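Take a look at the structure below.
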Amino acid sequence: MEQEKLYQSLSDRLGKLSKFPRMKDDGKSIASLLEEHGFSRRDFMKWAASMTALLALPASFTPLMAQAAELTDRLPVIWLHMAECTGCSESLLRSDAPTIDSLIFDYISLEYHETLMAAAGWQAEETLESSIKKYKGRYVLMVEGGIPSGESSFYLTVGPKGQTGESHAKEAADNALAIFAIGTCSSFGGVQAAAPNPTNAQPLHKVTQKPVINVPGCPPSEKNIVGNVLQYILFGTLPALDAYNRPKWAYGKRIHDQCERRGHFDAGEFVQEFGDEGAKKGYCLYKVGCKGPYTFNNCSRERFNQHTSWPVQAGHGCIGCSEPDFWDKMGPFESPLADRLYHSVFRGLGADATADKIGATILTVTALGIAAHAAISVIKKPKE
Amino acid sequence: MGKFKDLFVKRHTEFSPFYRWHHWIRFFSIIFLIISGFYIAYPFLSPEVDPNPTGFLYAKGRTFHEIAGFIMISMFIGKMYYFFFVKSDRDEMRSFKDLFSVKKWMKQIGYYLLISKHPVLSGAYNVLQLVAYLALYLMLTFLIITGLILYMHVYHDSFLAFLNTPLTYLEVMFGGLASVREIHHVLTWGIIVFIIAHVYMSVFNAIYGKEGTIDSIVSGYKWEIPESEK
Ligand code: HEM
């Protein structure tokens, strides 16, 4: 019953959306685009079915998903690059062959994306300004990268006007309909925000007051990026979010919970070192540093590059790249969490200290103290 | 015989049966938690590499860790009740009075430095002992909270699922699941140091305190010389 109601409301929404004009004048339909690239309708429907499953919707919603994909060109998107490596864009676009995901991304009315657009210099700046003005309050903003902010904001200076990334991001966010932070850097600061954070890089949600949906990962999988766009088109509302504003449909469970090597974990079968017998047999990578037990993401289910593979399948543990402060918290990447090195404030003294080393040291000092106290007490008896 | 005994020493009940039982159940569960916890942190035992199904050693380690954890939690709750609501246990609360007396502090430290006499206590514990116990309770509280957060992510729909929302707030406050696990690990070391110091102090007091405090946690009795005999 509830399912039918939801179906009806989503289908009403898509109906309304389809009355909106196409954003692109040369607008090819998704059907012709797919055909051009050698995808059959069947491929497309299979893809739609998998996206439906990804968003944890019932299989009967597949036609809606297909329709949503066809309507992605009604929604203007502005994509900003901040302090980053463009890996998130790459994750989406550099598949071995054009995928349906990347096609959808071409199909979206992408008004501004520095890596993809032909415009440069003044022309590019003009595009950004005019699209913000033209689609004020109607566009989806996607931001990739951490944002040097405050007094350090000059570390990221973009465009012919020499504006800071921070001011770009602020302005674009203020006028956006919905905001997605794509990747760990714009979600949590990422690598450039790692201690000592020399450029004072901040996540997007720290530079705007508006709600930001975080899609972390270094990079996030293409599915999680496109899934968010489709989710938004389908529902027109923000998805259910976890405590870190990550969509629950993607980040609701730990890597560990759905890992293909989980059986070996519980069985106590571990790779002791890379290349050993256990490694050949596909044993659990916990002892060589897998951070899957602390990382919330769907890599173990969705994988990367059209479901081809993912780090754990390739034989290296998860490094926790979609968690806040992962660079500082998850290292060393190739041994368990208890081996984490503490940043020492005493001019590097004890720079190789781990919890166990510190613990054992304190224990030794305690034991020595006790031995000394006991010995002295024997000679010089305590007073009654 | 009985008369003879009464003449020199008086027997009085120091620890009630509840107190003794809870102490030892808690002791063994904590020892087990430490061992199994370190195994969870770094699985030092692994079955031989073998393609056949194994005994699921690690999962069992975690299961028993959690069971011991819940035993420890129930002892913790029981002891809390005992401390706050059981009249015959008021001696523990009375110890807090000494915390505010500089003289008691000086004398206590002096006693352990072997230079002054043991102060007369208002309650059951001396000030250093009391501070150590407060630290223990603080550590245990955080171990329980972090332990429950870890548990929440192992059994999502457990009988404690109603705690998931508040625990998630705490998880974020601690800085994410990785930090939670790390705090859990670091506090384990705190507990180990406490146990070592606690055992030493008990032995020390048993030898020099002349009250037989070590066996009292087993038998419940303490021996003292009555005023009339002094
Ligand atoms: C004296 C009390 C305790 C001690 C000394 C202790 C010790 C430890 C240690 C050393 C670890 C491994 C941490 C790491 O990986 O670095 C651990 C993990 C864990 N502990 Fe405890 N613990 C205690 C109480 C509890 C309690 C009360 C619970 C709650 C039921 C609990 C549940 C867990 C869970 C669920 C894990 C992680 C298992 C996993 O993720 O696979 N612990 N504990």
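What you see is a predicted model, and the numbers here were worked out from it, not measured in a lab. Chain A is the first sequence line, chain B the second, and so forth, proteins listed ahead of strands; every chain is numbered from 1.
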Donor-acceptor contact present, side-chain [X] to main-chain [Y], <3.5 Å:
X      : Y      : value
A/Y294 : B/R181 : no
A/K329 : B/G175 : yes
A/Y244 : B/G176 : yes

Inset, instruction - Could you tell me the separation between the CG atom of A/L337 and the OH atom of B/Y42, rounded to the nearest 0.5 Å? - result: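 Going from the CG atom of A/L337 to the OH atom of B/Y42 covers 14.0 Å.
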Inset, instruction - Supply the atom-to-atom distance B/Y58 OH to A/Y286 OH, rounded to the nearest 0.5 angstrom. - result: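 It comes to 4.0 Å.
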Legend entry - Within the 6.0 Å centroid threshold, strictly below: B/Y200 and A/H373: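 Yes, the ring centres sit under 6.0 Å apart.
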Give, as side chain, backbone, both or neither, the part of [X] having an atom under 4.5 angstrom from any heavy atom of chain B.
X      : value
A/V378 : both
A/D325 : neither
A/T366 : side chain
A/A367 : neither
A/I358 : neither
A/P324 : neither
A/F265 : both

Crowding at [atom1], [X] (>12 non-hydrogen neighbours, <6.0 Å):
X      : atom1 : answer
B/F142 : CZ    : no
A/K210 : NZ    : yes
A/W327 : CH2   : no

Quick one: closest heavy-atom pair of [X] and [Y], and the distance?
X      : Y      : value
A/A355 : B/V186 : CB-CG2, 4.0 Å
B/V172 : A/A243 : CG2-CB, 3.2 Å
B/F204 : A/S377 : CE1-OG, 3.2 Å
A/P336 : B/A41  : CB-O, 3.8 Å

Legend entry - Residue part contacting chain A, namely of B/F194, when any heavy atom lies under 4.5 Å: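 Contact with chain A: none, neither part.
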Legend entry - B/Y169 versus chain A, the contacting section by heavy-atom distance below 4.5 Å: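 The answer is neither part of B/Y169.
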Legend entry - Members of residues 128-135 of chain B whose heavy atoms come closer than 4.5 Å to chain A: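 At a heavy-atom separation under 4.5 Å, chain A is reached by no residue of residues 128-135 of chain B.
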Legend entry - Residues in residues 147-164 of chain B near chain A [non-hydrogen atoms, under 4.5 Å]: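 Within residues 147-164 of chain B, near chain A: B/H153, B/V154, B/H156.
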Inset, instruction - Using side-chain contact (heavy atoms from CB on, under 4.5 Å) as the criterion, point out the one residue from A/E323, A/R254, A/H256 that pairs with B/L177. - result: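 Passing option: A/R254.
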Legend entry - Residue among B/H185, B/M201, B/E171 with most heavy-atom pairs under 4.5 Å to chain A: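 Among B/H185, B/M201, B/E171, the one with the most close pairs to chain A is B/H185.
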Legend entry - Heavy-atom check, side chain of A/L363 versus side chain of B/W189, under 4.5 Å: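 Result yes, sub-4.5 Å side-chain heavy-atom pair found.
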Inset, instruction - Determine, step by step, whether A/D266 and B/R62 satisfy the salt bridge (charged side-chain N to carboxylate O under 4.0 Å, His left out) criterion, reporting the C-alpha distance in whole Å, the side-chain angles of both residues, the deciding distance to 0.1 Å, and the verdict. - result: CA-CA 9 Å; A/D266 286 334; B/R62 191 176 59 243; 3.1 Å; yes
